[in-house]
Peer 1: 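Have a look at this one.
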Protein chains: 2
Amino acid sequence: MTAQNSSAEELARAEAVCADRGLALTPVRRRVLELLLEANAPVKAYDLLAALKPGGGAQPPTVYRALDFLTAAGLAHRVEALNAYTACVHAHETGGAELYICESCGGVAETHVHGACHEAPEGFKVARSVIEHYGKCGDCRKAG
Amino acid sequence: MTAQNSSAEELARAEAVCADRGLALTPVRRRVLELLLEANAPVKAYDLLAALKPGGGAQPPTVYRALDFLTAAGLAHRVEALNAYTACVHAHETGGAELYICESCGGVAETHVHGACHEAPEGFKVARSVIEHYGKCGDCRKAG
DNA sequence: ACCCGTTATGTTATACTATTGCGATACTCT
DNA sequence: AGAGTATCGCAATAGTATAACATAACGGGT
Ligand SMILES: [Zn+2]
Ligand SMILES: [Zn+2]
Ligand SMILES: [Zn+2]
Ligand SMILES: [Zn+2]
């Protein structure tokens, strides 16, 4: 996929978002977000865990708690069909994220969910949508 | 959710589908599909496993292989965000399934994916979409 | 300074989900 | 019969996630 903002910029934006909302972007959480931003593909929890403390000190709950915080804060998304996580680069205020994931390069693009075009059954009230599209991005298709 | 077809009917339809396409709906596969049809909510693999052989004889690969077969044949769907599986009651020829899952009663309704209303990034070719909506169905909303 | 409520982290163990690999069996097609 | 294929049984293991409890760190009120 094409050049997104630098991790540093995104990290600064996250700082600002947390400050605004009285959320604590602690060192672990910040570091996990940094790892997500540096990766150019969704990252697995145990890979984050390994990257967090090369010495092997960190335990699963550490990274899962950080991920819970980041996803709750809208700074990251869980990719359900991959059991993986990706930094949010879209700042969706309203509605959820809709992800386009390239199966060749792992790149993730985001849009907002268009509530309108999903025809819910009579009376069904949607609270939350999981929308993930898998395929091949433009760059990878050109590259063959 | 409201009355769907009986399991027996659906099972007969599955038999027909498999016969048409030269697929073998073996006893294990058939039994797993039957369990999915009888349930009125997505079912977890290990619950199927437990139900398959009350004696405890069946092993994980048995049920996962059956589920792989059923999903590949379009007779069942995996619910990604729940790590669970549900029988397909829609017979979607083209495109994938879009699921509406009630978080109160577990009921699942299906529609087809509307490719048109998802604005993919320039050049991105979607191969497969995972679309799951979570909320509350009409019946559960009335019931309070 | 002290106490206390709250939030965040560390630590251990365990639960839950899924796959790999191999051997036995059964069925089809020469 | 023999070769090839598909399915299944079985044992072990890999991968994902949480429970439960202890500790630490911060901030406000006294
Ligand atoms: Zn996002
Ligand atoms: Zn790509
Ligand atoms: Zn379906
Ligand atoms: Zn319901």
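No experiment lies behind these values; they were computed from the predicted model shown. Within every chain, numbering begins at 1; the chains are lettered A, B, ... in the order of the sequence lines, protein sequences first and strands thereafter.
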Peer 1: Which residues pass the salt bridge (Lys or Arg N to Asp or Glu O under 4.0 Å) test with B/E103, not counting sequence neighbours?
Peer 2: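 By the salt bridge (Lys or Arg N to Asp or Glu O under 4.0 Å) rule, B/E103 matches A/R128.
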
Peer 1: Would you check if the side chain of A/T62 reaches a backbone N or O of A/A58 as a donor-acceptor pair within less than 3.5 Å?
Peer 2: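 Such a contact is absent between A/T62 side chain and A/A58 backbone.
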
Peer 1: Which residues satisfy the side chain to side chain contact (heavy atoms under 4.5 Å, CB included) test with B/A97, sequence neighbours excluded?
Peer 2: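 B/H77, B/H92, B/L99, B/E110.
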
Peer 1: Please state how far atom CD in A/E80 lies from atom C1' in D/dT16, giving the value in whole angstrom units.
Peer 2: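 After rounding, the reported distance stands at 12 Å.
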
Peer 1: For residues 21-29 of chain A, please give each side-chain donor-acceptor pair under 3.5 Å, one per line with the distance, not counting sequence neighbours.
Peer 2:
from, atom 1, to, atom 2, distance (Å)
A/R21, NH2, A/A73, O, 3.0
A/R29, NH1, A/A24, O, 2.7

Peer 1: Quick one: list whatever passes side-chain hydrogen bond (donor to acceptor under 3.5 Å, both in side chains) with A/Y64, sequence neighbours left out.
Peer 2: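 Here no residue qualifies.
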
Peer 1: Which nucleotides of nucleotides 13-21 of chain C have their base under 4.0 Å from a protein heavy atom (B), which only their sugar-phosphate (S), and which neither (-), written as one string 5' to 3'?
Peer 2: ----BBBBB

Peer 1: Could you work out, with side-chain hydrogen bond (donor to acceptor under 3.5 Å, both in side chains) as the rule, every residue matching A/S129, not counting sequence neighbours?
Peer 2: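 Applying side-chain hydrogen bond (donor to acceptor under 3.5 Å, both in side chains) to A/S129 gives B/H133.
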
Peer 1: Not counting sequence neighbours, which residues clear salt bridge (Lys or Arg N to Asp or Glu O under 4.0 Å) with B/E34? List them please.
Peer 2: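 Testing B/E34 for salt bridge (Lys or Arg N to Asp or Glu O under 4.0 Å), a comparison that skips the adjacent residues, returns B/R31.
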
Peer 1: Given atom CG of A/L67 and atom C1' of D/dT18, what is their separation to the nearest angstrom?
Peer 2: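 Spelled out: CG on A/L67 to C1' on D/dT18 is 14 Å.
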
Peer 1: Checking A/R141 now: which residues fulfil salt bridge (Lys or Arg N to Asp or Glu O under 4.0 Å) with it, not counting sequence neighbours?
Peer 2: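 Per chain and number, A/R141 pairs via salt bridge (Lys or Arg N to Asp or Glu O under 4.0 Å) with no residue.
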
Peer 1: List for me each residue that meets salt bridge (Lys or Arg N to Asp or Glu O under 4.0 Å) alongside B/R65, sequence neighbours excluded, and say none if there are none.
Peer 2: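 So B/R65 forms no salt bridge (Lys or Arg N to Asp or Glu O under 4.0 Å) with any residue.
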
Peer 1: Can you give one letter per nucleotide of nucleotides 23-30 of chain C, 5' to 3': B if a protein heavy atom sits under 4.0 Å from the base, S if only from the sugar-phosphate, - if neither?
Peer 2: --------

Peer 1: Output side-chain donor-acceptor pairs under 3.5 Å for residues 78-86 of chain B, partner residues at least two apart or in another chain, one line each.
Peer 2:
from, atom 1, to, atom 2, distance (Å)
B/R78, NE, B/E80, OE1, 3.0
B/R78, NE, B/E80, OE2, 3.4
B/R78, NH1, B/Y85, OH, 2.8
B/R78, NH2, B/N83, OD1, 3.0

Peer 1: Identify all pairs in which a protein N or O lies below 3.5 Å from an N or O of nucleotides 4-7 of chain D, and state each distance.
Peer 2:
from, atom 1, to, atom 2, distance (Å)
D/dT7, OP1, B/R29, NH1, 3.2
D/dT7, O5', B/R29, NH2, 3.2

